[in-house]
Amino acid sequence: MNLEQGAQLHANGVRQHYLHFRGPGPSVLIIPGIVSPAVLWRHVGEWLSEEYNCFILDVRGRGLSEAGHHLNYGIDACANDVISFVEATELDAPIVVGHSMGGRIALRAAALSQGLFGGLVLVDPPTSGPGRRPYPLSKAKTLRLLRAAMRGEALEELTASGVVPWPLELQRLRAEWLSTCDERAVHVTYDDFHGEDCFTDLAQTKEPISLLCASVGGVVSDADLMEMREVRSDLVTVRLAGVGHQMQAENFDAFKKALGEILARHGHTLERRRK
C-alpha cells in the first residue's frame, strides 16, 4: 500500500487541493460528492494504488480547496477546475471516477474537453434536471448535517439522523471534515441538479463510459438507465444489489469488487488504444 501525498496547486484561477496515491498503472482521478472532501475517499485511494496511479480531488468549496463568497460554485466552474487540474498535472488520459455530484462534474468536463480523459465511471449520479423528477436525497437533510458540523455536533447528528452508519473510523472522519464544506456550494449544487441536464452532457461524450449505481435510494431509476442507454448505446451499467448511495463507505467490499472490474475494462481499452 502506497502512502498518500497531499498537495495543492493553482489551476483555473483557484487553489485546488488533492490527495495522490502513487501506483504503477493508469491514472485514476476521483471526484467526490456534494459534501465529501477527498479525505473521505482515502481508503479507496489506498486500495486503488495497488494497481493505479490515483488522485482524489477536493472540489472547490470542500476540504482544503479554495472556498468563499468570491467563488462561483456552478457546474461549469467545477468542470473547468477538473480540466485545468488534469492539464496542470499532465495526467495522460486519466480514467475519471465521479461519485454523485462528481459524476455530473465529470460528464460536463468531458463534454467541454473531448479527448482529455481515458474513460468515465459515473457512480450513482443524480439524473434530475429540467422537466425531470427531483433528486431524491433531501437538501434539507444535507444542510441539517452540515450545520450540525459547523456547531461541532456532526457525529451526534449522524448518529441520530438514521442514515446508514459508516464504519466507525470513516464516520468519525466524516464528522471531522464536514465543516470544511461551504453551505453556499451545497445550495448551488442542488440548484444545478435541477437546472442542468446531464443527459445533454452524456450525449456529447466520446470516452468509454460506465455507470455504477445503487439499488437503494432511487438516485438512478430503471427508466433513467434505459434513457441513458438510448443516448449512449455502449454504456456499461452495473447495479449493486443491497447498497445505497454512499456505497464506497457503507459496503466497501461490494463497491471494491464492482469498481475493480469496471476499471480493469477501462484499463484494457486504454492499452488497446495506445498500441
Side-chain angles (χ1 to χ4, degrees), residues 28-34 36 59 74-76 78-79 82-83 93-137 189-248 250-251 254-255 257-270 273:
V28 171
L29 173 61
I30 296 175
I31 309 173
I34 189 167
S36 291
V59 178
I75 190 170
D76 281 333
C78 294
V82 172
I83 294 167
I95 303 167
V96 180
V97 177
H99 174 247
S100 191
M101 173 196 74
R104 298 275 294 238
I105 293 171
L107 275 175
R108 179 61 57 88
L112 292 173
S113 61
Q114 294 181 9
L116 186 63
F117 307 137
L120 299 176
V121 182
L122 310 178
V123 182
D124 222 33
T127 55
S128 48
R132 299 182 181 277
R133 65 187 180 91
Y135 181 52
L137 304 184
T189 299
Y190 269 88
D191 287 346
D192 279 350
F193 282 172
H194 299 96
E196 301 281 347
D197 187 359
C198 67
F199 288 85
T200 300
D201 290 334
L202 178 64
Q204 296 180 43
T205 60
K206 304 298 182 185
E207 297 86 352
I209 185 166
S210 300
L211 175 68
L212 174 58
C213 49
S215 60
V216 178
V219 173
V220 181
S221 70
D222 289 340
D224 294 330
L225 285 178
M226 290 178 62
E227 186 175 356
M228 293 174 89
R229 289 195 188 106
E230 290 174 1
V231 176
R232 283 287 303 263
S233 60
D234 60 337
L235 177 70
V236 175
T237 62
V238 177
R239 190 183 287 283
L240 274 186
V243 302
H245 188 59
Q246 298 289 349
M247 61 186 83
Q248 79 288 349
E250 296 167 9
N251 193 334
F255 174 77
K257 183 177 185 297
L259 182 61
E261 292 172 355
I262 290 170
L263 288 176
R265 284 196 297 269
H266 280 281
H268 293 151
T269 300
L270 271 177
R273 286 170 54 186

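- The closest side-chain heavy-atom distance from D222 to R239 is below 4.5 Å.
- Residue I75 comes nearest to R108 through the heavy atom pair CG2-NH1, 3.3 Å, listed as atom of the first residue, atom of the second, then distance.
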| field | Evaluation steps, side chain to side chain contact (heavy atoms under 4.5 Å, CB included), between S100 and Y135 | value | CA-CA 11 Å; S100 191; Y135 181 52; 3.5 Å; yes
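- For M101 against P126, the heavy-atom pair with the smallest separation is N-CD, 4.1 Å.
- When side chains are defined from C-beta on, L202 counts as touching I209, because their heavy atoms get closer than 4.5 Å.
- Taking 4.0 Å as the cut-off between side-chain N and carboxylate O, R265 and E261 do not count as a salt-bridged pair.
- Residues F255 and V243 have side chains not in contact (no heavy-atom distance under 4.5 Å, counting atoms from C-beta outward).
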| query | Yes or no on side-chain hydrogen bond (donor to acceptor under 3.5 Å, both in side chains) for T237 and R229, after CA distance, side-chain angles and deciding distance? | reply | CA-CA 9 Å; T237 62; R229 289 195 188 106; 2.5 Å; yes
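- A donor-acceptor distance shorter than 3.5 angstrom exists from the side chain of S215 to the backbone of L240, with no hydrogens or angles considered.
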| request: Kindly indicate, with the supporting measurements, whether the criterion side chain to side chain contact (heavy atoms under 4.5 Å, CB included) is fulfilled by I31 and V82. | output: CA-CA 9 Å; I31 309 173; V82 172; 3.7 Å; yes
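- The distance from atom CD1 of I105 to atom CD1 of I83, rounded to the nearest 0.5 Å, is 11.5 Å.
- The side-chain contact (heavy atoms from CB on, under 4.5 Å) test with I95 is passed by exactly one of L120, L263, L29: L263.
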| Criterion side chain to side chain contact (heavy atoms under 4.5 Å, CB included) on V123 and Q248, from CA distance to verdict | CA-CA 10 Å; V123 182; Q248 79 288 349; 5.7 Å; no
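- Residue E227 is tested with R133, R232, R132 for a salt bridge (charged side-chain N to carboxylate O under 4.0 Å, His left out); the sole match is R132.
- The two atoms that bring V216 and G242 nearest to each other are CG2-C, 4.2 Å, heavy atoms only.
- Separation of atoms OH (Y190) and CD1 (I34) is listed at 5.0 Å; rounding is to 0.5 Å.
- The minimum heavy-atom distance linking A106 with F117 is given by the pair O-CE1, 4.3 Å.
- Of all the heavy atoms in E207 and G119, the pair that sits closest is CB-CA, 4.0 Å.
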| message | Please determine whether side chain to side chain contact (heavy atoms under 4.5 Å, CB included) holds for the pair I262 and V236, giving the CA-CA distance in whole Å, both sets of side-chain angles, and the decisive distance to 0.1 Å. | response | CA-CA 9 Å; I262 290 170; V236 175; 5.5 Å; no
| task | Using the side-chain hydrogen bond (donor to acceptor under 3.5 Å, both in side chains) rule, take S36 and H99 through it: C-alpha gap first, then chi angles, then the decisive distance, then the call. | result | CA-CA 10 Å; S36 291; H99 174 247; 5.3 Å; no
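- Of all non-hydrogen atoms in G118 and L270, the two that sit nearest each other are CA-CD2, 3.8 Å.
- Within the 3.5 Å criterion, the main-chain N or O of D224 finds a donor-acceptor partner in the side chain of S221.
- A donor-acceptor distance shorter than 3.5 angstrom exists from the side chain of D124 to the backbone of A214, with no hydrogens or angles considered.
- Remark: E230 CD to L235 CG distance equals 12.0 Å, nearest 0.5 Å.
- Using modelled atom types, one side-chain atom of R104 and one backbone atom of E196 make a donor-acceptor pair closer than 3.5 Å.
- Counting heavy atoms from C-beta on, the side chains of L212 and M247 come closer than 4.5 Å.
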